[in-house]
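Reviewing the structure listed below.
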Number of protein chains: 2
Amino acid sequence: MLERKPSLTEQAKVYIKQRILDGEFEGERIPSETELASELGVSRTTIRDALSRLEIEGVIYRKQGSGTYVNEPGLQIKTRLEEIWSYEAVLKAHGYTPSTRILGVQTAPAGPDLAAELNLAPDAAVITVEKLFLEDEEPVIFTRNQIPSALLTEPYEREAWAQPVYQFLSNYGRQRLTYYISEIIPIIASPGLAEILHIAEGVPLISFSEIGYNEDNEPVLRAYSYLRDDLLRLRLIRRKIT
Amino acid sequence: MLERKPSLTEQAKVYIKQRILDGEFEGERIPSETELASELGVSRTTIRDALSRLEIEGVIYRKQGSGTYVNEPGLQIKTRLEEIWSYEAVLKAHGYTPSTRILGVQTAPAGPDLAAELNLAPDAAVITVEKLFLEDEEPVIFTRNQIPSALLTEPYEREAWAQPVYQFLSNYGRQRLTYYISEIIPIIASPGLAEILHIAEGVPLISFSEIGYNEDNEPVLRAYSYLRDDLLRLRLIRRKIT
DNA sequence: TAGTGGTCTAGACCACAAA
DNA sequence: TTGTGGTCTAGACCACTAG
């Protein structure tokens, strides 16, 4: 019934999630692991893997001895902090139809601080890109990304920066961004930021200060983001880890 | 060699993590899954489960065909947002020796808004508890928790509120808090907050607005927290989920 | 080509919840 | 007592990395 590739687990996950989104279980128990396994013709282990991922996503929860249930509150979460990879996608998930504007692209020496953060020589060239994400002409997110020039091995147009950074790095730098380490910092809009984001000076904002790492665990990206809380509220699920 | 209970997976996880923390692998590859399995006398599946959890915690990362490695940047993270359950524990992880002060305990009708959030009648009694977490007489976190009185089935002393809420709810309310849904909101210190937290008015703060759910997926707790960013910086790992 | 992690199976036993 | 999810095993094959 199912083919390999994508993995059976992935297919099972999508299948179960779809049935949940269709509202088929509506606050009830979903079929038991054994049932799902025989229904899809896979082993129970495969089903359990799929359910575990859905549990992490907050879509379901499990009660030993009782069953597996749909997690209604979890379904409401549009933006899961741990999974933000493209601000465009985040805005779309909120029902917006976002556009991206490239505000500036510059190349300059890293300087001592940035060099230390990205494991570079202080005079190594770094590209700084500033972007603005808008919903219907209204700015929502402002970002500043910094990438060592040496990483970009392929030629590209300025407009290529409009795509998500992780995609850009993959396409033009042969780098796979695998994770970020992020700090969440509350700030007050400076005059410059206020103008860019079309808000009053002194309005509180969330900012992210992040370093992105590739699959070899090397820092390849320094990023700062500033989010308008009135248009984009961050949410997450906090749970006990075993 | 190992006994059941706690689970073999849990024991394996602790064992491997300890060797990592001891610096035994120091930026190198850790033993292969097969090696670890035969070393501990368990199946490879068990080892893989343990490693998967360590990967989620950000302690290690894996590269197919190559090996499993220590994730140095991940080890630096003291406070993982998705796992905050006790602010005392968070402060300890930052090297502080925290104390807890109960600022107030009151009972009052829920009112329409809170009643809607907690699935209560508007006139149902709700207990509001305000606490302050300090490091060496310096306030770091201020919290306000609201719990339906009806949930508290056992008698308790006022001082019992000093323990973490999830523990309190378990001890005196027979409720198991299983997860929170949290909103992260940037705010500016109001005069009242500024006084409580010993900061200047207008300083930016992170606040959490949260609802806690029990194992039956029912809301049992409304919580607000205010964190001093200068003393406690929030960090998290963002990664792609399969 | 050898060794690593990634996926998957079939089956066993346990802990727990509900009838 | 029955059925659920939780843990664990032994073994198979695949995809990928590195020498």
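Below, chain A is the first sequence line, B the second, and so on; all start at residue 1.
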If I take atom [atom1] in residue [X] and atom [atom2] in nucleotide [N], what distance separates them, rounded to the nearest angstrom?
X: Arg62(A); N: dA18(C); atom1: CZ; atom2: C1'; result: 20 Å
X: Glu55(B); N: dT4(C); atom1: CD; atom2: C1'; result: 14 Å
X: Ile47(A); N: dT7(C); atom1: CD1; atom2: C1'; result: 14 Å
X: Lys13(A); N: dT7(C); atom1: NZ; atom2: P; result: 12 Å
X: Leu8(A); N: dA12(D); atom1: CG; atom2: C1'; result: 14 Å

* Contact nearer the 5' end of DNA chain D, comparing Thr68(A) with Thr45(A) -> Thr68(A)
* **Stems where DNA chain D pairs, listed by first number, each of three or more Watson-Crick or G-U pairs under 3.5 Å** =>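 When the pairs of DNA chain D are grouped into runs of at least three, the stems are C:1-18 with D:1-18.
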Within the sub-3.5 Å range, which N or O atoms of nucleotides 17-19 of chain D have a protein N or O partner, and how far apart are they?
unit_1: dT17(D); atom_1: O4'; unit_2: Gly65(B); atom_2: O; d: 3.3

* To do: Could you tell me whether the side chain of Arg44(A) has a donor or acceptor atom within less than 3.5 Å of a complementary atom in the base of dG6(D)?
  => yes
* To do: Name the nucleic acid region contacted by Thr34(B), choosing base, sugar-phosphate or nothing; use a 4.0 angstrom heavy-atom cut-off, strictly under.
  =>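 Contact class for Thr34(B): none.
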* Assign each of Gly67(B) and Thr46(A) to its nearest nucleotide of DNA chain C by heavy atoms, then name whichever residue's nucleotide is nearer the 5' end. =>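 So the residue in question is Gly67(B).
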* Plane angle bin for Trp161(A) and Tyr156(A) - parallel if under 30°, tilted between 30 and 60°, otherwise perpendicular -> perpendicular
* According to the interplanar angle, ranging from 0 to 90°, do the rings of Trp85(B) and Tyr166(B) count as parallel (below 30°), tilted (30 to 60°) or perpendicular (above 60°)? ->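 Taking Tyr166(B) first and then Trp85(B), their aromatic rings stand perpendicular (interplane angle over 60°).
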